[in-house]
Amino acid sequence: MPQIVVLTGAGISAESGVPTFRDADGLWEGHRVEDVATPEGFDRDRATVQRFYDERRAALRTVEPNAAHRALAELEETLGEGLLVVTQNIDDLHERAGSRNVIHMHGELLKAMCRSCGAVVPWEGTLADEPVCPKCGAADLRPDVVWFGEVPYEMDRISDALADAALFVSVGTSGAVYPAAGFVQHARRHGARTLELNLEPSEGSHFFHESRQGRAGELVPAWVR
Ligand SMILES: CC(C)NC(=O)[C@H](Cc1c[nH]c2ccccc12)NC(=O)[C@H](CCCC/N=C(/NCCC(=O)O)S[C@H]1O[C@H](COP(=O)(O)OP(=O)(O)OC[C@H]2O[C@@H](n3cnc4c(N)ncnc43)[C@H](O)[C@@H]2O)[C@@H](O)[C@H]1O)NC(=O)OCc1ccccc1
């Protein structure tokens with residue numbers, strides 16, 4: 001079990017040019033969450049939701065990991081299985097920086113899920129043109145992301161790792177979305193030291209032993225060194 005669990009949010013990818021959710025030009029600016037990130041929104045207006053994720057998938061090819069992603073990948077080289085990164089992000093910047101021990105609790109943009117046969121397949125292209133599932137041939141693919149009201153991925157593995165961790169670090173997250181926002185309390189209840197690295201205090205800052213404000217691209221390498 002990992003001694004260190006690092007939870008990351010949109011803030012760690014901000015310096016790579018990936019928009020966050022709640023900041024001024026955040027993702028939710030152009031769209032109502034319930035329209036584009038809920039199963040109901042998908043049933044109501046499938047094309048808008050597919051386009052929303054197609055745009056984000058295309059934009060992923062124009063960005064690179066930053067110093068914060070790279071510092072965590074270097075730390076994994078030292079600690080191996082001793083470090084687990086749990087990310088709320090659906091981008092692949094942790095992996096492109098070299099991290100391997102990563103859980104995408106809210107899914108991945110570069111994967112599609114077939115609603116008819118359940119297959120999960122790598123997906124680089126678009127879904128708005130309603131391509132067919134490579135496994136069953138049904139034209140019923142959706143982004144493999146966890147929408148509001150849906151159960152996040154690998155919650156058992158995550159809660160076991162939090163309970164065993166000596167140190168829990170949260171990077172670039174506003175602490176507004178559950179169950180991720182509750183991880184600090186879970187880790188602390190099991191005796192972990194808790195540290196927040198964020199541009200500004202988050203909704204859960206008061207739950208942490210220590211909270212450092214600043215940009216992830218500076219704070220994370222400084223913490224790792
Ligand atoms: C709005 C909120 C109140 N609603 C919820 O939390 C809901 C409902 C709910 C459940 N439990 C509750 C309890 C209380 C109240 C509500 C609930 N939760 C759910 O529906 C979840 C599912 C939620 C997942 C939804 N999908 C996402 N994403 C994928 C799609 C997509 O990406 O499109 S959520 C999405 O929004 C969240 C955005 O938050 P952040 O990443 O933190 O980004 P944000 O912009 O908010 O903040 C950025 C931060 O970075 C900082 N920053 C900016 N730049 C930098 C910088 N350069 N450096 C450092 N920091 C920086 C900023 O200051 C800021 O603080 C992320 O989780 C992200 O993944 N499912 C569930 O609960 O199922 C049941 C269950 C639970 C447990 C066990 C079993 C079953």
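Bear in mind the structure is a predicted one, so any value in this text is a computation, not a measurement. Sequence positions, counted from 1, serve as the residue numbers for this chain. Remember, it's 1-based here, ligands and their atoms both numbered in the order they're listed.
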*Asks:* Where is the tightest heavy-atom contact between Ala216 and Glu15, given as atom of each residue plus distance?
*Replies:*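 That would be N-OE2, 3.2 Å.
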
*Asks:* Should the ring pair Trp147 and Phe42 be called parallel, tilted or perpendicular, given that the plane angle runs from 0 to 90° and is split at 30 and 60?
*Replies:*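 Tilted.
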
*Asks:* Would you indicate whether the side-chain heavy atoms of Tyr53 and Leu109 approach each other to under 4.5 Å?
*Replies:*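 With C-beta onward as the side chain, the pair touches.
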
*Asks:* If we only count heavy atoms from C-beta on, is the Leu7 to Gln88 side-chain gap below 4.5 Å?
*Replies:*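 Result yes, sub-4.5 Å side-chain heavy-atom pair found.
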
*Asks:* Identify, by atom number and element, the atoms of ligand 1 in contact range of Ser174, meaning under 4.0 Å from any of its heavy atoms.
*Replies:*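 Those qualifying, in numeric order: 39 (O), 42 (O), 44 (P), 46 (O), 47 (O), 49 (C), 65 (O).
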
*Asks:* Going by heavy atoms in the side chains, are Ile158 and Ile103 under 4.5 Å from each other?
*Replies:*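 Touching, per the 4.5 Å side-chain cut-off.
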
*Asks:* By number and element, which atoms of ligand 1 are closer than 4.0 Å to a non-hydrogen atom of Glu150?
*Replies:*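 The atoms of ligand 1 under 4.0 Å from a heavy atom of Glu150 are 21 (C), 22 (C), 70 (N), 71 (C), 73 (O).
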
*Asks:* Distance under 4.0 Å to a non-hydrogen atom of Gly214: what atoms of ligand 1 satisfy this?
*Replies:*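 Checking each atom against Gly214, I get 58 (N), 59 (C).
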
*Asks:* Looking at Thr173, which atoms of ligand 1 are within less than 4.0 Å of one of its heavy atoms?
*Replies:*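 Taking each heavy atom of Thr173 in turn, ligand 1 has 40 (P), 42 (O), 49 (C), 50 (O), 65 (O) under 4.0 Å.
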
*Asks:* Counting heavy atoms only, which of Gly217, Ala216, Ser170 comes nearest to atom 59 (C) of ligand 1?
*Replies:*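 It is Ala216 whose heavy atom sits nearest to atom 59 (C) of ligand 1.
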
*Asks:* So is there a nitrogen or oxygen of Gly9 less than 3.5 Å from a nitrogen or oxygen in ligand 1?
*Replies:*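 Such a contact does not occur with ligand 1.
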
*Asks:* What do we get for Leu199 next to ligand 1 when only non-hydrogen atoms under 4.0 Å count, side chain, backbone, both or neither?
*Replies:*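 The answer is both, backbone and side chain.
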
*Asks:* Identify, by atom number and element, the atoms of ligand 1 in contact range of Arg56, meaning under 4.0 Å from any of its heavy atoms.
*Replies:*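 Heavy-atom distances to Arg56 below 4.0 Å select 31 (C), 32 (O), 33 (O).
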
*Asks:* Given that the side chain starts at C-beta and the backbone is N, CA, C, O, which of these parts of Ala176 lies under 4.0 Å from ligand 1, counting heavy atoms, or is it both or neither?
*Replies:*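 Backbone only.
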
*Asks:* Among side-chain atoms of Ser211 and Gln213, is any donor-acceptor pair under 3.5 angstrom?
*Replies:*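 Note: Ser211 and Gln213 side chains meet the donor-acceptor criterion.
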
*Asks:* Taking distance alone, with no angle check, do Phe52 and ligand 1 share an N/O pair under 3.5 Å?
*Replies:*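 No, since none of the N or O atoms of Phe52 sits under 3.5 Å from an N or O of ligand 1.
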
*Asks:* Is any N or O atom of Arg215, backbone or side chain, closer than 3.5 Å to an N or O atom of ligand 1?
*Replies:*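 Min N/O separation from ligand 1 is not below 3.5 Å for Arg215.
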
*Asks:* Within ligand 1, which atoms have a heavy atom of Val177 less than 4.0 Å away?
*Replies:*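 Once the distances to Val177 are compared, the set is 6 (O), 23 (C), 36 (O), 37 (C), 67 (O).
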
*Asks:* Do any nitrogen or oxygen atoms of Glu200 lie less than 3.5 angstrom from nitrogen or oxygen atoms of ligand 1?
*Replies:*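 Yes - when backbone and side-chain N and O of Glu200 are compared with those of ligand 1, one distance drops under 3.5 Å.
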
*Asks:* Can you check which of Thr87, Val146, Val145 brings a heavy atom nearest to atom 26 (N) of ligand 1?
*Replies:*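 Considering heavy atoms of Thr87, Val146, Val145, the nearest to atom 26 (N) of ligand 1 sits in Val146.
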
*Asks:* Under the criterion side chain to side chain contact (heavy atoms under 4.5 Å, CB included), I'd like the reasoning laid out for Leu195 against Arg212: C-alpha separation, chi angles, the key distance, then a yes or no.
*Replies:* CA-CA 8 Å; Leu195 169 65; Arg212 300 177 195 165; 3.7 Å; yes

*Asks:* Tell me, do Leu141 and Pro131 make a side-chain contact under 4.5 Å, heavy atoms counted?
*Replies:*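 Answer yes - side chains close enough.
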
*Asks:* Do Asp140 and Arg46 have side-chain heavy atoms sitting under 4.5 Å apart?
*Replies:*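 A side-chain contact under 4.5 Å exists here.
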
*Asks:* Relative to ligand 1, is Ala37 under 4.0 angstrom through side chain, backbone, both or neither, heavy atoms considered?
*Replies:*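 Contact part for Ala37 vs ligand 1: neither.
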
*Asks:* Is it the case that ligand 1 has an N or O less than 3.5 angstrom from some N or O of Phe21?
*Replies:*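 Among all N and O atoms of Phe21, at least one is under 3.5 Å from an N or O of ligand 1.
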
*Asks:* Is there a side-chain contact between Val171 and Val6, using heavy atoms and a 4.5 Å cut-off?
*Replies:*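 Result yes, sub-4.5 Å side-chain heavy-atom pair found.
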
*Asks:* Quick one: which of Leu7, Ile12, Val151 has a heavy atom closest to atom 79 (C) of ligand 1?
*Replies:*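 Nearest option to atom 79 (C) of ligand 1, by heavy atoms: Val151.
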
*Asks:* If you draw a 6.0 Å radius around CD in Glu81, do more than 12 non-hydrogen atoms from other residues or ligands fall strictly inside?
*Replies:*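 Check fails, neighbour count at 12 or below.
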
*Asks:* What atoms in ligand 1 come closer than 4.0 Å to a heavy atom of Ala14?
*Replies:*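 Counting atoms of ligand 1 from 1, those under 4.0 Å from Ala14 are 54 (N).
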
*Asks:* Mind checking whether Gly149 has a heavy atom under 4.0 Å from ligand 1?
*Replies:*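 In this structure, Gly149 qualifies as a contact of ligand 1 - some heavy atom is under 4.0 Å.
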
*Asks:* At a 4.0 Å cut-off, with the gap strictly under it, does some heavy atom of Pro143 reach an atom of ligand 1?
*Replies:*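 No, that is not the case, since the closest heavy atom of the residue is not under 4.0 Å from the ligand.
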
*Asks:* Can you name the one residue among Glu154, Glu95, Lys111 that meets side chain to side chain donor-acceptor pair (under 3.5 Å) with His104?
*Replies:*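 The single option meeting the side chain to side chain donor-acceptor pair (under 3.5 Å) with His104 is Glu95.
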
*Asks:* Under a 4.0 angstrom heavy-atom cut-off, which atoms of ligand 1 come close to Glu15?
*Replies:*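 Those qualifying, in numeric order: 56 (C), 57 (N), 58 (N).
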
*Asks:* Does the pair Arg51/Asp54 count as a salt bridge with the N-to-O cut at 4.0 Å?
*Replies:*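 Salt bridge: no.
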
*Asks:* Report the part of Gln88 (side chain from C-beta onward, or backbone N, CA, C, O) that has a heavy atom under 4.0 Å from ligand 1; answer both or neither where that applies.
*Replies:*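 Looking at Gln88 and ligand 1, atoms from backbone and side chain both fall under 4.0 Å.
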
